[in-house]
Participant: 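Once you've had a glance at the structure underneath, I'll fire off some questions.
Any value given below was found using the heavy atoms of this structure, including those in side chains, with hydrogens, waters and symmetry copies removed. Since the model is a prediction, treat every value here as computed from it, not as a measurement. Starting from 1, each residue takes its place in the sequence as its number.
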Amino acid sequence: MSESYDVVVVGGGLLGCLTAWMAARDGARVLLVDKDQVNQHASGQNAGSLHFQLEYRMVEAGEEAARVAAEAMPLHLDAAAMWARLEEEIGESLGVRQTGGLMVAENADQVGMLEFKAELERSWGLDVRTLDRSELDTVAPYLSRDIVAANLSALEGKADARIAAPAVARAAVAAGAAVCARTRLTGASHTPTGWDVTLRETDRTGEVRTRTVRTAAVVIAAGVWTTELGQVFGAGLPTVPLALTMTVTSKVPAFIPHLVQHAGARLSLKQSLDKTVLIGGGWPARLMRDADGAPEFDRKHQLVPRSIAGNARAAVNAVPSLERVPAVRSWVGTTTVAPDQLPLVGAVKGAPGVFVATGGSAFTLGPSFARVLTGLLAGRSPDIDLAPYDPARFTEGSTP
Ligand SMILES: Cc1cc2nc3c(=O)[nH]c(=O)nc-3n(C[C@H](O)[C@H](O)[C@H](O)COP(=O)(O)OP(=O)(O)OC[C@H]3O[C@@H](n4cnc5c(N)ncnc54)[C@H](O)[C@@H]3O)c2cc1C
């Protein structure tokens, strides 16, 4: 076998590209493979929010659920610091602006939740402040008069999902990593020194070539395909797949400097640097499934008109002037979460030398996931306690 690497990274989304770049910078011989194109899936389809406050999906199930979700805060803080220097380190624009994020509330219950949430976040070290209506008049005059308060995190903001992963992939190549698109990892066998992995490459004419490469380690950065990849390595990596709705408007003069989220509704919105407004926040789309109900991730998933309308209504309720801004496109993206809203990050149990990260806001958290994974690859002890994110925590017989 002629080809051998220190690490094969499976997945050319933001996480895989960042991991390949960091590992190559560390001096590792890295191969990144993607069965499609770099940035073709969640990393290129998402809302680009950099949210370090707990999101609505983390607080809607109540205070206990929020306390569990807050255990990811060390990763949030790490990611916030890393995004602030990432463009300089990569040497290209990633569209990063950390100009603050507001989680808004419209009634007393939601304000109570904001206060609880801010206290919880501050206990983990995130600087969050609750603004009242008169402060919002100055800080965010574009918000509806129905908004009575908001939590502000100055670290929050956005990056451009269309350009971030491709820029990082270029940095990975410059650091010495090899990147192969249209190359699917289809099999793996354990060897005394690591893994022999089978790669199925489809060229532009449709011709298929299969090869086996030897590697000491493997990183699964495969988004919704994580569970499938786990099976290739004989490991259980249960994740919950979601298909979600996004909408973008036409361009309007810049008037929303913040990331805006809602304490009582599915909503995230922001104005991109190109002046369009991106609207999302977790409204469901239709995930395609086979006759037995198993998700089929390689199919095109379907928009649900009710979700597009509901998402638009939530946006206009928060920012009334959006009513006059035409929506130009809606699309579906797929992503994973775990039942406890915490990510899966760490070594894969039963598969020595295999590491994984996925779950939740892996765009925001991509830099810290990649930093943790690269540390594990190099044999460094993690400086963040990974126990809450143990990839085996939902597998039968494992102690949480
Ligand atoms: C609509 C939507 C909006 C979102 N908004 C936000 C947001 O605002 N902020 C945020 O932080 N997060 C957001 N997310 C979540 C975020 O997009 C994802 O968590 C993140 O992009 C995942 O990145 P990734 O690199 O792990 O996976 P992906 O970007 O999905 O990349 C995985 C790659 O693995 C490849 N792959 C899979 N199997 C194989 C195989 N066998 N061989 C080779 N390659 C393989 C795939 O082709 C794919 O390119 C959103 C998600 C969606 C769907």
Participant: Does this structure show an ion pair linking R162 with D274, if we count only N-O contacts that are shorter than 4.0 Å?
Facilitator: yes
Participant: V277 and side chain to side chain contact (heavy atoms under 4.5 Å, CB included): which single residue from V319, V260, T247, T249 fits?
Facilitator: T249
Participant: Taking the six-membered ring where the residue is Trp, are the ring centres of F363 and W83 under 6.0 Å apart?
Facilitator: yes
Participant: Looking at side-chain heavy atoms only, is the closest gap between H51 and M103 below 4.5 Å?
Facilitator: no
Participant: A quick test of your reading: do over 12 heavy atoms of other residues, nucleotides or ligands sit less than 6.0 Å from CZ of R200?
Facilitator: no
Participant: So does E296 pair up with R299, basic N to acidic O under 4.0 Å?
Facilitator: yes
Participant: Please examine the side chains of D137 and R145, heavy atoms only from C-beta on, and report whether any two atoms are closer than 4.5 Å.
Facilitator: yes
Participant: To the nearest 0.5 Å, tell me how far I256 CD1 sits from Y142 OH.
Facilitator: 6.5 Å
Participant: Tell me whether D160 is salt-bridged to R97, with the criterion being a basic N under 4.0 Å from an acidic carboxylate O.
Facilitator: no
Participant: In chain order, what residues pass the side-chain contact (heavy atoms from CB on, under 4.5 Å) check against A167, with sequence neighbours excluded?
Facilitator: I90, E92, L94, R170
Participant: Counting only heavy atoms not in E135, do more than 12 sit closer than 6.0 Å to its CD atom?
Facilitator: yes
Participant: Is any side-chain heavy atom of R184 closer than 4.5 Å to one of L199?
Facilitator: no
Participant: Are the aromatic rings of W124 and H76 close, with centres under 6.0 Å apart?
Facilitator: no
Participant: Can you establish whether the number of heavy atoms outside R286 located under 6.0 Å from its atom CZ is more than 12?
Facilitator: no
Participant: Just one of T239, I220, V337 clears the side chain to side chain contact (heavy atoms under 4.5 Å, CB included) bar with L344, so which one?
Facilitator: T239
